[in-house]
Amino acid sequence: MYYIDPHIHMVSRTTDDYETLAKMGCVGMSEPAFWAGFDRGSVDSFRDYFRQLTDFEPKRAAQYGIQHYTWLCINAKEAENIALSREVIAMIPEFLDRPGVLGIGEIGLNKNTPNEATIFMEHVDLAVRYDQQILIHTPHLEDKYQGTRMILDMLCDDSRVDRSRVLVDHVEEHTVRQVLEEGFWAGMTLYPISKCTPQRAADIVETYGVERLLVNSAGDWGPSKPTAVPDFMLEMRRRGHAESTIRKIVYENPLEFFRQSQNFKFQPPLEASEATTA
Ligand SMILES: [Zn+2]
């Protein structure tokens, strides 16, 4: 079965990982901008990172038949530096027309501080002014519930925000309900040691259904597993779910969400009638 990983940080992955993902059925992915593991010192550092995301990674992915898309922002960890954050936000429009740029993300909160909230709202304003979709990072562990609530309140307070064009990521059992009930899309991040496991994600699907739910691997430079989406597919099969149910979550839902972005030009794998050779 084909699938799309809607949240994976391939800049921290090897070319071998692209090959493995392709062999497992990955045909598309989206890569949000995130923290590099250290705080960057200047706006030019972000400009180069955005070139990597919009130019180099799509080419690396294409060698394995994977279509690569991206999201741009300064992440919540570096948002404590308000001056640098504003320089980055002012620079982002240089890239918004580039092929494969789906919107603004992953923006959100990390430690739920006032500076993070300020820069979050300035990113939302940027997204609205440029008619961009939004991808949200919610905080980890003990900060998650409060941070998710703060994020949803800030989004709901801005009447310009179209909730059907916002994906709230890293949801867990205690945050998924409010995200879905308030009209947003929800993403479950499958991590080997924190966040969600494939088993917990399958439980959530069985509780909340398949509408507006996505699964992703995050696949970053920390302990993570880039093949976590196939692990979820296997778990769903083990439980006796129909292939159409699995396909809806790992393929059709990402397509439906991403198609709201004008830069999403996904080409589905060829069917027999479209192929140039039999
Ligand atoms: Zn991420």
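Read the numbers this way: they start at 1 and go in the same order the structure lists the ligands and their atoms. Since we're looking at a predicted model, the values are computed, not measured.
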Handout entry: Side-chain donor/acceptor of Asn253 to backbone N/O of Leu213, under 3.5 Å
Key = yes
Handout entry: Arg60 charged N/C atom sitting above Tyr18 aromatic ring, 6.0 Å / 45°
Key = no
Handout entry: Atoms of type N/O/S from protein, distance to the Zn ion (ligand 1) below 2.8 Å
Key = 3
Problem - Electrostatic pair Asp231-Lys225, nearest N-O below 4.0 angstrom - result: yes
Problem - Lys/Arg N to Asp/Glu carboxylate O, Arg200 vs Glu172, below 4.0 Å - result: yes
Problem - Tyr69 side chain vs Phe266 backbone, donor-acceptor pair below 3.5 Å - result: yes
Practice task
Please check if any side-chain donor atom of Ser85 sits under 3.5 Å from a side-chain acceptor atom of Glu122, or the reverse.
Solution key: no
